[in-house]
Amino acid sequence: MQESIIDINAICHTFSDGYIGIKNISVSISKGEFIILAGKNGSGKTTLLRHLNGLLLPDSGIIFVNGQDVSKHLIQTRKTVGMVFQDADTQIVGDTVFDEVAFGLENLKVKRAKINEKVTLILENLNLLHLKDRSPSTLSGGEKRKLAIAGILVMDPEVIMFDEPFSNLDYPGTLQVLSTIIKLNRSGHTIIIATHDVETIICEATRIIIMEKGLIKEDGEPDRIVKYLESYGVKEPCSSKFGLGLQPWLT
Amino acid sequence: MAHVTPFTYRQGQSLLHLLDVRCKFFIICIVSMSLLSAHLPACFFYFLMLLFFFKKSGLNIFATLNSIKYFILLLFFVFIARALTVKGDIIFSFYGISITGQGLNEGFLVAFKFFLVMLTGLLFSTTTQPSSVKSAVQWFLKPIPFVPEKRVAVMISLSLSFMPVILKQAKEISDAQKARCADLQKNPVKKIIRLVLPLLKKTFLSADSLVLAMESRCYSDDRTDPEFLPSGKEIPFLIGSFIISLSLVWL
Amino acid sequence: MNSSKQLRMTVYTSLFVAFIAIGAFIAIPVGPVPIVLQNMFVLLAAIILGPVWGLSCVAIYLLIGLAGLPVFAGGTSGIGKLFGPTGGYLLGYLPAVFVTAGISKGLGKKMSSDVIAMLIGSLIIYAAGVPWLKVVTSMTYEKALAVGMYPFLIGDALKIIAAAFIAKTLRPVIKL
Ligand SMILES: Nc1ncnc2c1ncn2[C@@H]1O[C@H](COP(=O)(O)OP(=O)(O)O)[C@@H](O)[C@H]1O
Ligand SMILES: [Mg+2]
């Protein structure tokens with residue numbers, strides 16, 4: 001058994017309008033896992049992710065990140081657990097690519113020289129350095145998504161959560177983002193991807209969690225879980241349907 | 001709406017591009033002020049100098065003039081109004097309206113000065129990145145009490161990155177309505193509401209997710225200061241602009 | 001105010017700065033004079049953001065224009081525009097937004113009080129803009145009013161009615 005990094009203990013969340021978003025969820029996530037959080041729209045994936053870095057706090061239950069209670073260590077949690085949001089357009093704060101990536105470090109009051117060094121390194125790794133003076137709004141969909149990833153990576157998170165990372169992306173954009181995510185996992189990051197479309201990534205995943213109506217319905221290895229997907233309103237990958245097993249999407 | 005390009009900044013490596021933005025701000029202030037009390041020959045002299053700098057920064061003066069054509073029209077109007085109302089030696093008159101020599105002179109001078117101040121500002125904004133403008137604003141606000149200059153700087157960045165998003169969504173909304181024949185709507189109040197209300201609703205939702213994105217990147221008002229990269233030519237430029245200002249006032 | 005609420009107001013205020021800037025470019029074709037939406041966004045900022053955030057909204061808008069970012073009408077900016085013939089209207093936004101927000105808040109954010117507040121706000125904008133126009137162009141008052149106020153009054157009335165409806169629908173959505 002690997003060392004666990006996130007421990008969720010019996011959390012519930014009720015929204016202010018009385019809707020119950022999360023119903024008594026307990027999960028433990030280990031270092032280095034690649035998890036797909038699947039479920040149809042409205043099943044509570046986004047709500048669960050937001051609990052993991054303290055954007056939402058549970059009404060009851062408790063979440064530990066690296067053994068620390070999230071509600072008492074918000075800043076530390078947000079450094080450890082980064083979140084890439086669904087809509088790349090609405091998470092851009094900076095007016096150049098460089099400033100956008102630097103934003104998180106500026107919030108932590110890191111020294112300017114250190115910021116410049118780190119941002120340059122990250123942009124280089126993600127192949128974005130040539131765009132550093134561009135206005136983010138002029139980037140392509142895939143580049144924007146990678147920029148959002150860069151803005152999170154620069155804070156050295158151990159866990160990176162993606163909310164619907166492939167929505168609204170064209171084929172080349174999907175490829176760019178997919179290979180970036182795979183690289184991140186290989187370099188030791190724990191990855192959690194919330195999606196209603198598992199086909200692109202299922203082959204890379206080490207675990208699938210299926211949610212429905214705020215509950216966790218299935219949790220296990222992709223080979224075993226894949227057959228249940230359609231009963232929860234998630235499309236089963238073609239290769240598996242045709243009895244070919246799980247085929248990598250990225251060839 | 002599509003032709004609106006909210007930013008006039010052009011990339012480049014000219015002297016003016018590289019000059020420290022605070023120095024440029026300062027020069028604009030003293031030169032604009034001394035322009036106010038300048039006489040016609042000095043204004044022409046200054047105009048020639050502006051043309052020189054436009055050329056040197058690789059900018060097309062005609063394209064620039066075209067971009068401010070409405071302002072020029074307004075200045076023409078100021079010129080006419082002055083020419084008609086200032087008392088003096090009548091050059092010619094008809095139906096009780098008379099144009100005076102003093103009026104023509106004064107009208108021309110006033111309009112010309114506004115034009116020059118405008119051109120100076122354009123030279124500045126075409127050679128200065130919006131993000132360095134923001135940094136300079138923060139730097140100049142710092143000594144003013146009760147103004148949270150760091151938050152103001154973040155707000156400037158945010159509003160600059162909202163602008164393209166709003167324009168894009170405005171276009172989407174108006175296209176979607178055209179497809180449903182909303183053009184036939186004659187009631188102007190309804191016309192306004194049908195464009196603006198969905199636009200505000202949509203962008204406020206984006207703003208909500210931006211708040212979350214900023215929180216998850218540890219937003220704080222207490223952040224790293226911006227950095228300025230002087231080109232080393234600031235002192236000669238400052239001295240030069242002092243000389244120009246003085247000659248504008250005395251010539 | 002807790003930090004999360006403050007961050008939300010910061011972002012909303014920046015959003016309205018962007019709307020005011022873009023309002024100079026969004027025109028609705030009605031009759032011979034197209035209705036430009038900028039002053040409507042100023043008034044909306046007032047009744048939605050309240051006096052303090054509303055005032056900082058307009059102040060930041062003017063500041064970025066003054067600092068040389070092309071956010072004033074016609075894609076222009078700078079001292080030349082702010083102190084040019086139409087600069088009075090721009091500076092008039094400052095007292096207008098504050099007073100409008102104060103009245104709307106004081107009278108309880110109903111539609112009728114919003115309309116009154118915005119009417120007074122519009123008048124303040126003209127009270128600053130028209131004399132300024134008169135001085136810079138040295139026109140008579142009659143002429144300044146004829147070119148700088150009367151042609152826009154009908155459009156303003158329409159905008160105020162629209163803005164009152166918009167504010168009424170928007171307030172519950174954004175839960176301030
Ligand atoms: N702020 C909120 N107030 C009330 N209900 C909400 C709120 N946010 C989400 N919900 C509801 O919670 C449910 C789960 O939403 P979400 O986690 O976004 O689902 P998913 O990401 O799986 O599509 C949805 O039915 C949604 O309507
Ligand atoms: Mg979701």
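The chains referred to below are lettered A, B, ... by the order of the sequence lines, with proteins before strands, and numbering in each begins at 1.
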Contact leader toward chain B among A:Ile152, A:Asp89, A:Thr90, where contacts are heavy-atom pairs under 4.5 Å: A:Thr90
Return the minimal non-hydrogen interatomic distance between A:Gly142 and A:Val177, and the atom names on each side. O-CG2, 4.2 Å
Can you tell which of A:Val84, A:Thr138, A:Asp133, A:Ile115 has the highest number of heavy-atom pairs within less than 4.5 Å of chain B? A:Asp133
Side chain, backbone, both or neither: which part of A:Phe103 has an atom under 4.5 Å from a heavy atom of chain B? both
Working to the nearest 0.5 angstrom, can you tell me the gap between B:Phe54 CZ and B:Asn60 CG? 10.0 Å
Select, from A:Lys111, A:Gln86, A:Glu106, the one with the greatest count of heavy-atom pairs under 4.5 Å involving chain B. A:Glu106
Between A:Arg78 and A:Gly54 (side chain of the first, backbone of the second, donor and acceptor by atom type, cut-off under 3.5 Å), is there such a pair? yes
Side chains of A:Thr77 and A:Asn53: any donor to acceptor distance under 3.5 Å? no
Flag the one option from A:Asp87, A:Leu108, A:Val81, A:Val110 with the top tally of heavy-atom pairs under 4.5 Å to chain B. A:Val110
Is it the case that the side chains of A:Asp197 and A:Thr195 hold a donor-acceptor pair, with the cut-off being a distance below 3.5 Å and no angle test? no
For chain A, find which of B:Ser220, B:Cys218, B:Pro226 contributes the most heavy-atom pairs closer than 4.5 angstrom. B:Cys218
Contact class of B:Asp225 relative to chain A, heavy atoms under 4.5 angstrom: backbone
Contact origin within A:Asn116 toward chain B - heavy atom pairs under 4.5 Å: side chain
Would you name the heavy atoms of A:Glu100 and A:Gln91 that are closest together and state the gap between them? OE2-O, 3.5 Å
Do A:Arg112 and B:Glu227 meet the salt-bridge criterion of a basic N to acidic O distance under 4.0 Å? no
Of the backbone (N, CA, C, O) and the side chain (C-beta and beyond), which part of A:Leu105 lies under 4.5 Å from a heavy atom of chain B, both, or neither? backbone
